[in-house]
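The structure appears below as structure tokens.
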Number of protein chains: 2
Amino acid sequence: MKQSSLCPKFEKGMQLLGKRWTGLILYQLLSGPQRFCAIEEALPISGRLLSERLKDLEKEGLVHRHVYTDSAPVRVEYSLTEKGLALEPVILGIEKWSQAWIELT
Amino acid sequence: MKQSSLCPKFEKGMQLLGKRWTGLILYQLLSGPQRFCAIEEALPISGRLLSERLKDLEKEGLVHRHVYTDSAPVRVEYSLTEKGLALEPVILGIEKWSQAWIELT
DNA sequence: GTAATTAGGTTACATTTTGTTAGTAAGTAT
DNA sequence: ATACTTACTAACAAAATGTAACCTAATTAC
């Protein structure tokens, strides 16, 4: 791997979205705060990876994690931060492009 | 992995962009048709993977491959198809988001 | 009291995908 | 004949992913 003349911010941003599941998880959260199991059911992703991705996204500040300790079993809700929400147009753009251009085999 | 109620077109589109390097390769081609070695130099990607990704993108119809046999050594030029070019706003959107929100550690 | 259930994970391990390095084919230049 | 170039491909190690089983703590069913 060589040096690139790419903007490091852009490179990092692409690395985030260019990771499997990230886009779909963010898309799912666009419809509102959701619990772990709700996201797991909505996407064809396994619990292991969902957990891993949510941890990444939280670390990068795109997703917020809120634990409700009042009820049991514990409920954990994930929601988009301002930074995550700022990706909405991009994600909806991908959705539109897919509708327009992708053909199913 | 479970069933999802996701739109299959969107899922496939995300799968494309959610593959490592795809976004950066398309970004690079936005600046015009380019040769294999030019893309390789512009991005921190190895020849093996660049070759693999370009083959994928060609198969999906986002990229066109043109071989110039007149000169030697052979020149191969890659360019965006209409379908690939249609992703321009999305890719530039990711660039803008990265500039605005990514902080370098 | 014992067993089963639920939510949100984690561990262990097989399979795939990546990254790295070396090598190939066809045609030039020396 | 030897070296050099472009655009790859083969071989193999390292990392990421998919799959299944298990864990903890509280709650309910029997």
For B:Pro33, give me all partners under side-chain contact (heavy atoms from CB on, under 4.5 Å), at least two apart in sequence or on another chain.
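Testing B:Pro33 for side-chain contact (heavy atoms from CB on, under 4.5 Å), a comparison that skips the adjacent residues, returns B:Glu77, B:Ser79.
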
When you measure from every atom of DNA chain C, which of residues 53-65 of chain A have a heavy atom less than 4.0 Å away?
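Correct list: A:Lys55, A:Arg65.
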
[X] [atom1] to [N] [atom2], straight-line distance once rounded to whole Å:
X	N	atom1	atom2	answer
A:Trp21	D:dT19	CH2	C1'	13 Å
B:Lys19	C:dG19	NZ	P	12 Å
A:Ile39	C:dA7	CD1	C1'	13 Å
A:Leu50	D:dA16	CG	C1'	16 Å
B:Ile45	C:dT17	CD1	P	15 Å
A:Tyr68	C:dG8	OH	P	12 Å
B:Gln34	D:dT6	CD	C1'	16 Å
A:Leu43	D:dT17	CG	C1'	16 Å

What's the closest nucleotide to the side chain of A:Glu52 if the choices are C:dT20, D:dA7, D:dT17?
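Nearest to the side chain of A:Glu52 among the choices is D:dT17.
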
Between C:dG8, D:dA7, C:dG9, which one does the side chain of A:Cys37 approach most closely?
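The listed nucleotide nearest to A:Cys37's side chain is C:dG8.
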
Considering only residues two or more places apart or on different chains, which pairs with a residue in residues 86-104 of chain B satisfy side-chain hydrogen bond (donor to acceptor under 3.5 Å, both in side chains)?
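Counting only pairs at least two positions apart or across chains, the side-chain hydrogen bond (donor to acceptor under 3.5 Å, both in side chains) contacts touching residues 86-104 of chain B are B:Tyr27-B:Glu95.
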
Mind jotting down which residue pairs meet the side-chain hydrogen bond (donor to acceptor under 3.5 Å, both in side chains) criterion with at least one end in residues 51-63 of chain A? Sequence neighbours excluded, please.
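Listed once each, the pairs are A:Arg48-A:Glu52.
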
State whether B:Arg20 places a side-chain N or O below 4.0 Å from either non-bridging phosphate oxygen (OP1 or OP2) of D:dA16.
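No, no such contact exists.
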
Respond yes when some side-chain nitrogen or oxygen of B:Ser51 is under 4.0 Å from OP1 or OP2 of D:dT9, and no when none is.
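Checking B:Ser51 against D:dT9: at least one side-chain N or O falls below 4.0 Å of OP1 or OP2.
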
Less than 4.5 Å apart, side chain to side chain, heavy atoms only: is that true for A:Leu30 and A:Leu87?
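No, their side chains stay 4.5 Å or more apart.
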
Answer whether the closest heavy-atom distance between the side chains of B:Ile102 and A:Leu16 falls below 4.5 Å.
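A side-chain contact under 4.5 Å exists here.
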
Can you tell me how far the CG atom of B:Leu29 sits from the CD1 atom of B:Ile91, to the nearest 0.5 Å?
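It is 9.0 Å, given to the nearest 0.5 Å.
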
Distances for protein N or O near nucleotides 13-16 of chain C N or O, under 3.5 Å:
none

If you assign A:Arg35 and B:Leu49 each to the DNA chain C nucleotide with the nearest heavy atom, which residue ends up on the more 5' nucleotide?
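Its nearest nucleotide being more 5', the pick is A:Arg35.
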
Using side chain to side chain contact (heavy atoms under 4.5 Å, CB included), reason through A:Val74 and A:Tyr68 one step at a time and then give a plain yes or no.
CA-CA 6 Å; A:Val74 199; A:Tyr68 293 87; 5.9 Å; no

So among A:Arg65, A:His66, A:His64, which one has a side chain to side chain donor-acceptor pair (under 3.5 Å) with A:Tyr78?
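When side chain to side chain donor-acceptor pair (under 3.5 Å) is applied between A:Tyr78 and each of A:Arg65, A:His66, A:His64, only A:Arg65 qualifies.
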
B:Gln28: partners by side chain to side chain donor-acceptor pair (under 3.5 Å), with sequence neighbours left out:
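For B:Gln28 the side chain to side chain donor-acceptor pair (under 3.5 Å) partners, ignoring immediate neighbours, are B:Gln34.
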
